[in-house]
Amino acid sequence: MQALDASAIRRWADACVRSLAAHREDIDRINVFPVADGDTGTNLLQTMRSALDSLLRSNSSGAGTALSALAKGALAGARGNSGVILSQVLRGLAEAVGTASTATGASLRKALLRADELAAEAVSAPSPGTVLSVLHAAAEAARDCASDELGEVASAASRAGAAALAETPRQLAVLARAGVVDAGGRGLVVLLDALAGVVTGQVPEPVLPSRFPRPAAALTTARESGSADYEYEVMYLIDGLAEDRAAEEEAAACLRAALRALGDCVSVVGDGDGLWNVHVHCNDIGAALEAGVEAGRPHRITVSRFADQVAAQADRFTRDRAVVALVRGDGVAELFEGEGAVVLRVADALDPADLLAVLTGTRARHVVVLPGVPDLRSEVDAAVSQAVAAGQDAVVVPMTSPVQALAALAVHDASRRANDDVVAMAEAAAATRRGEIGHAVQEAITWVGRCLPGDLLALLDGEVVHVEPAPGDRIGLARDLVDLMLVPGGELVTALLGENAPEGLAEALEAHLRAAHPEVELVVYPGGLPGAVLVVGVE
């Protein structure tokens with residue numbers, strides 16, 4: 001095919017709907033960013049259905065008018081962030097082709113570049129590794145294609161989109177941890193593949209889409225992004241903002257500003273011909289609608305309440321149980337992985353979105369979280385709350401040390417009832433006394449006196465019990481700390497060596513316990529804990 005005419009564009013739109021319908025469940029299942037709500041495939045499919053319905057209702061006689069009809073229909077029926085971006089992609093194609101009766105390879109190249117610009121403008125804070133990255137790669141490949149043949153340009157864009165999709169886990173950490181590619185990008189590749197198929201003649205028989213009226217359930221929706229402080233999603237179409245393009249853009253900017261004062265996730269995007277789609281998360285529904293009334297003529301208004309809990313999909317979970325451990329240090333991470341836990345390596349801070357992606361990526365109905373890193377309670381609670389809201393049974397076992405996490409994991413039994421297993425793990429963690437030896441990073445007053453930067457500190461259950469001036473005897477202090485921890489008794493000592501552990505520490509502890517506490521078993525692991533000399537647990 002040398003050029004796309006209106007008939008070819010109709011075949012392409014129909015192929016997009018059919019392909020999205022076939023891949024909808026797969027795309028929904030890999031939806032972990034920005035929130036794992038499992039509806040990106042559904043949103044793309046419904047948006048594209050609206051676009052095709054608009055095209056079939058129009059009297060388009062050329063490629064430009066056909067693409068314009070698609071863009072208008074997509075904007076009017078856009079669902080979610082992914083649907084809004086799709087509407088802007090179609091708008092870019094329509095604007096580039098204009099009123100031309102056909103779209104050539106040169107037209108497609110220009111169209112994809114314009115679509116790339118508009119889609120990027122539609123997102124206030126774009127992230128690498130998303131649908132925008134896939135679209136940008138496809139547009140650049142079309143631009144750089146050496147041939148002006150339509151089939152060559154379409155195929156180059158399709159191949160580049162697929163390659164960029166494969167790279168998304170390397171660009172976005174939440175995707176890498178969940179082991180998936182970006183869901184929105186996957187949907188875009190489906191559309192690019194369908195286009196290449198139409199151009200090269202490999203198109204399935206067209207099937208007209210069914211009509212789907214909005215059910216009552218559409219008035220409750222899952223949150224894709226934004227703050228949980230806002231309870232409603234308000235969407236409407238609006239026209240009549242102004243008579244000329246410059247004034248229209250200014251009015252749209254004023255409407256955006258007014259809506260940002262009311263909530264978040266604000267989107268005000270147009271089709272280039274006077275129709276705009278408005279989206280905001282807010283609490284004051286009336287104020288959001290009044291802002292639209294003041295700006296123009298809002299219509300097709302939808303107000304949805306965010307679901308308190310999204311029902312789990314029947315095919316969402318592939319296993320019953322999983323244990324997720326939060327750890328620092330490569331050695332500790334390998335240790336937990338060897339025991340069957342899903343590991344999230346934590347650096348200095350934790351992004352709740354990263355933990356949420358790991359929880360979702362387990363594909364388990366019931367997940368136990370072992371936060372073997374201190375000072376992460378608020379971040380862990382935030383991620384777990386979102387997982388629970390999305391229908392996953394996630395529970396946090398209270399702890400602050402990797403040795404407590406090891407003790408909990410040691411008694412984990414997936415054959416027990418889930419609640420009984422959590423109780424057993426919590427009891428094991430609580431019964432484990434924890435000690436640590438490290439270096440002071442600043443001057444401070446402790447329970448046992450002043451410490452200076454570089455001094456050795458011994459902590460027992462989170463409290464400083466000994467300060468030894470730098471450089472200090474790390475092996476001697478380790479022996480003293482273990483003796484102190486064994487005063488109330490104990491049967492098992494677990495030692496995790498830190499990155500500052502001296503050579504021979506493990507052998508010195510073994511010799512000391514053999515002589516002073518022969519009844520106690522010692523297990524030593526090379527933990528590689530950053531900033532630590534030793535972390536000890538006594539059970």
Side chains of Asp480 and His466, donor plus acceptor under 3.5 Å: no
side-chain contact (heavy atoms from CB on, under 4.5 Å) partners for Arg328, two or more places apart: Val346, Val373, Pro374, Pro530
Verdict with supporting geometry, Asp483 and His517, side chain to side chain donor-acceptor pair (under 3.5 Å): CA-CA 9 Å; Asp483 286 342; His517 304 277; 3.0 Å; yes
Please round to the nearest 0.5 Å and tell me the distance separating atom OG1 of Thr47 and atom CG of Asn43. 6.0 Å
Given the rule in the side chain to side chain donor-acceptor pair (under 3.5 Å) test, do His412 and Asp421 qualify, once you have shown the distances and angles that lead to the verdict? CA-CA 6 Å; His412 168 57; Asp421 192 41; 2.6 Å; yes
Does Glu503 have any side-chain hydrogen bond (donor to acceptor under 3.5 Å, both in side chains) partners at least two apart in sequence or in another chain, and if so, which? none
Contacts of His279 that satisfy side-chain hydrogen bond (donor to acceptor under 3.5 Å, both in side chains) - sequence neighbours left out: Glu233
Quick check for you: to the nearest 0.5 Å, what is the distance between Thr362 atom OG1 and Arg319 atom CZ? 5.5 Å
Quick one: which residue pairs count as a side chain to side chain donor-acceptor pair (under 3.5 Å) with a foot in residues 394-407, not counting sequence neighbours? Thr400-Arg434
Candidates Asp182, Val181, Thr360 - the one meeting side chain to side chain contact (heavy atoms under 4.5 Å, CB included) with Ile30: Val181
CG of Asn283 to OH of Tyr232: how many Å apart, nearest 0.5 Å? 8.0 Å
What pairs with Glu379 under side-chain hydrogen bond (donor to acceptor under 3.5 Å, both in side chains), at least two apart in sequence or on another chain? none
Pairing residues for Arg474 by the salt bridge (Lys or Arg N to Asp or Glu O under 4.0 Å) criterion, not counting sequence neighbours: none
